[in-house]
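Here is the structure we will look at.
Note that ligands are numbered from 1 as they come in the structure, with each ligand's atoms numbered from 1 the same way.
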Amino acid sequence: QTQEVSQARIDYHVALQALQEHGTRMVCTGKMHTDRICRFDYLCYCSEADEFVFLHSNSSVMVPNLGSRRFQPALLDLSSVEDHNTQYFNFLELPTAALKFMPKPVFVPDVTLILNRFNPDNLMHVFHDDLLPAYYTMKQYLDLDDEARLVFMEGWSEGPHFDLYRLLSNKQPLLKEQLKNFGKLMCFTKSYVGLSKMTTWYQYGFVQPQGPKANILVSGNEIRQFASALMEKMNISRQDRAHKDGSAEEEKETEKEDEYIVVFSRSTTRLILNEAELIMALVQEFQIKVVTVSLEEQSFPSIIQVISGASMLVSMHGAQLVTALFLPRGAVVVELFPFGVNPEQYTPYKTLASLPGMDVHYLSWRNTEEENTVTHPHRPWEQGGIAHLEKEEQERILASKDVPRHLCCRNPEWLFRIYQDTKVDIPSFLEVLREGMKSKPNFKKTKAASVVHPGRVREAQCQTSVQTTNEAKLTVSWLIPWNLKYLKVREVKYEVWIQEQGENTYMPYILSQQNYTFSENIKPFTTYLVWVRCIFNKSLLGPFADVLMCRT
Ligand code: UDP
C-alpha cells in the first residue's frame, strides 16, 4: 500500500490525471486573512504570469469559500508580519478545461511550505519573522517534516543568512526566481501556504510606533526548544555548566572559572568607539574572561557556540542581539543605545529576554553625553544621513536630544540617531550593571514544575444559616485540585469571590484552608454567587470551579 502511494506521487500520468479530474483542493485554518494557513492539493504556479493558480473542477474544494471577499484584502498573509500589504497571498482561478491550452505542468512531489521571508538581510528579521514561524508551522503539520520543501516567494536572492534557512529541512529551499527553471506551469502536489504568527513577539511600527505585540503567545520554553533544534543541526552542543559533576564547592570554583562575557561588536555601523576600554572595565568588574564576536569575523555557528555558554551578552542595539535567544538560562543581556534613542521605545530584545520562562535578565544603557557621540550626517539616508534634507529640518534634528515616537521605517531623525557611533562612558555603564545586577532573580531556582497551573477545585459546595434578622453565615468548602496530589508546590492558596446576586461588584478573599465560614457582610434571605479557584506560588492561577448559588 505504502509503496503504491509513494509511486503514485511521482507517476506523471497519475498526477496529471488527478489534476485534470479533481482540480485544486484547498482547506484552511483561520477566520481572518491574518491568522490563516491553507493546505492545498495541486496548487499550481505560473512563472510567466507570476501567479498562483487554482483549478476548478466538479470536485475541487475551497474552504473557506469567500467569493470576492478573498480580495478584501487577501486570502492570507504570506509572511509572519501581520497584515502587511506587500505580503499578501492570493491565486487566480481557471477551469481544469484550460489545462488543454496551457504548458504541460511540472509536478513537485515534495510536501511544500510556501512563504515570504520578510527581510532576509537582517538577522533579527530572519529569526523573528521567518525561522521561528517556519519551524513552528512545520511542527503544526506533521507532513512538513525533514523532507519538506520550502519555497520563498518574496523574490529576494538567497541573502547572507541562507545557511540558516537550510537548517529547517534536508531539502534545499527554492527561491521564486528559481521556479521558472521548472517550466512555465508548476503544480505542487501537496503544499501549505502561510506562516504561523504564534511565536512572534514584536511589531515593527507600520501602523503604530514599534513595540511588543499586544498578545504574546510564546514563552522561553518554545524559544529554547527551537534554539536547541537549530544548534543540533549546526552540530553545536550547549556547554551546560550546571550539570557538571563534583562537590558543590568544586562546582562553584569551576563555574567561575568557566564563566565568560561576550561582547557582540558591529564593525561597520553603530560602533562602540572604545571597545577595548569597555572590555577592560568588564574584566575588572567581574573578574572573568571577556570575548568578542562579530558577524564580519566569525561564522554564525561559531558565534552561537560562544553565546550558548555565556553568562552575559553586551552589545549595541541591533539585529545581532537576536542571538540572545541562544543564551543559557540565567544569563544577562546588556543593550547599549546611542545618544538620543530611548531604550523604552525600541524593545525587540528586551521583550525577547523578558518572555515568561526565558529567564534572561535584561539591562539597558543609554548614552546621555552628546560629546560622546559621533554622527554621520553625510552618509546615505538609509544609514542615517541627513544632508539631503532641508536646512531647517537638519538643524531641528541636530538640536533635538530625543527622537520622538515615530512609525517605521524611514524616519530620518531616528535613522540619524540610531546610526551614531558611541564612546561608552565607563562609570555610567558600570553603574547600570551594578544597579541592574541587584535586581537579577535567581533563575536557577525556578524549575520546570513551577509552570504547572492548578486544576479546578473539586466538589465545591456551600452551606448557609440565618443567625438573626440581619446576620447570616455562609460556609464554603472544596477539595484540592486533582493534579495537586502529584505536585510539590511551595505555596497553595485559594481565592474565593462572593457576589450578591444582582450586584455588579464582588468581595475577593485569599485563603490557605479548604473551607471557610463567612459572616461579615452576609445578609439573611439573600442569594450569593460564589467562585473558587486555586493559586500556586502566588502567580499561577487555576480556573474557577462552576459558580455556586448559595441562598441564606
Ligand atoms: N550588521 C553587522 N555589523 C555591522 C552592521 C550591521 O553585522 O556593523 C548586521 C546586523 O546584525 C543586521 C544587518 O547587518 O543583521 C543589518 O544591520 P542594520 O544596521 O541595517 O539593522 P539593525 O541592526 O539596526 O536591525
Side-chain angles (χ1 to χ4, degrees), residues 81 117-132 154 156-165 200-206 209-212 230 262-275 278 291-304 306-307 313-327 333-343 345-353 364 366-367 373-376 379-385 403 406-424:
V81 175
R117 298 180 296 171
F118 188 71
N119 182 354
D121 286 350
N122 181 297
L123 203 57
M124 163 67 185
H125 288 282
V126 169
F127 275 93
H128 177 269
D129 310 342
D130 308 339
L131 295 176
L132 264 159
E154 78 289 336
W156 294 35
S157 58
E158 289 190 353
H161 304 293
F162 204 64
D163 281 344
L164 291 172
Y165 293 95
T200 56
W201 64 84
Y202 207 70
Q203 63 84 10
Y204 299 117
F206 296 109
Q210 64 171 274
L230 232 55
V262 176
V263 174
F264 205 139
S265 77
R266 295 169 61 107
S267 338
T268 57
T269 61
R270 208 176 304 148
L271 308 178
I272 300 170
L273 295 168
N274 55 338
E275 212 169 87
L278 180 85
V291 296
T292 57
V293 294
S294 85
L295 288 165
E296 287 85 358
E297 269 151 53
Q298 275 110 342
S299 72
F300 193 77
S302 69
I303 291 175
I304 296 314
V306 173
I307 287 178
L313 175 61
V314 181
S315 178
M316 198 47 93
H317 171 82
Q320 69 287 341
L321 262 172
V322 76
T323 55
L325 66 84
F326 292 96
L327 283 170
V333 174
V334 189
E335 182 171 12
L336 313 175
F337 287 85
F339 181 79
V341 180
N342 183 349
Q345 289 169 17
Y346 308 95
T347 57
Y349 315 110
K350 178 185 182 178
T351 307
L352 168 62
S364 67
R366 169 184 190 175
N367 177 19
T373 198
V374 173
T375 61
H376 299 286
R379 286 191 178 163
W381 69 268
E382 69 275 13
Q383 285 171 39
V403 179
H406 59 89
L407 295 180
C408 189
C409 312
R410 298 186 167 200
N411 182 292
E413 184 170 353
W414 152 249
L415 292 171
F416 175 69
R417 289 300 178 193
I418 199 59
Y419 279 108
Q420 294 167 116
D421 300 331
T422 304
K423 178 171 164 267
V424 176

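Scanning the protein heavy atoms around atom 14 (O) of ligand 1, the nearest turns out to be Asp121 O, 4.6 Å. In terms of protein heavy-atom proximity, atom 24 (O) of ligand 1 is nearest to Arg270 NH2, 2.8 Å. Shortest contact from atom 18 (P) of ligand 1 to any protein heavy atom: Tyr419 OH, 3.3 Å. At the shortest separation from atom 7 (O) of ligand 1 among protein heavy atoms lies Leu295 CD1, 3.3 Å. The closest protein non-hydrogen atom to atom 12 (C) of ligand 1 is Ala319 CB, 3.5 Å.
Remark: Arg379 fails to qualify as a cation-pi partner of Tyr419 under the 6.0 Å distance and 45° angle criteria applied to the six-membered ring.
The closest side-chain donor-acceptor pair between Tyr202 and Gln210 falls under 3.5 angstrom. For Gln320 and Ser315, the side-chain atoms include at least one donor-acceptor pair closer than 3.5 Å. There is no side-chain donor-acceptor pair under 3.5 Å between Asn119 and Tyr204.
Under a 3.5 Å cut-off, the side chain of Arg117 and the backbone N or O of Asp130 do not form any donor-acceptor pair.
For atom 2 (C) of ligand 1, the nearest non-hydrogen atom from the set Glu296, Gln320, Arg266, Glu382 comes from Glu296. Between Thr268, Asn122, Val126, it is Thr268 that holds the heavy atom closest to atom 8 (O) of ligand 1.
Between Leu321 and Leu313 there is a side-chain heavy-atom pair separated by less than 4.5 Å.
Proximity to Gly318 (heavy-atom distance under 4.0 Å) selects the following atoms of ligand 1: 23 (O). The Leu123 neighbourhood of ligand 1 comprises atoms 15 (O), with distances under 4.0 Å to a heavy atom of that residue.
With His128 as the fixed residue, the ring-ring contact (aromatic ring centres under 6.0 Å, His included) test singles out one of Tyr349, Phe118, Trp201: Trp201.
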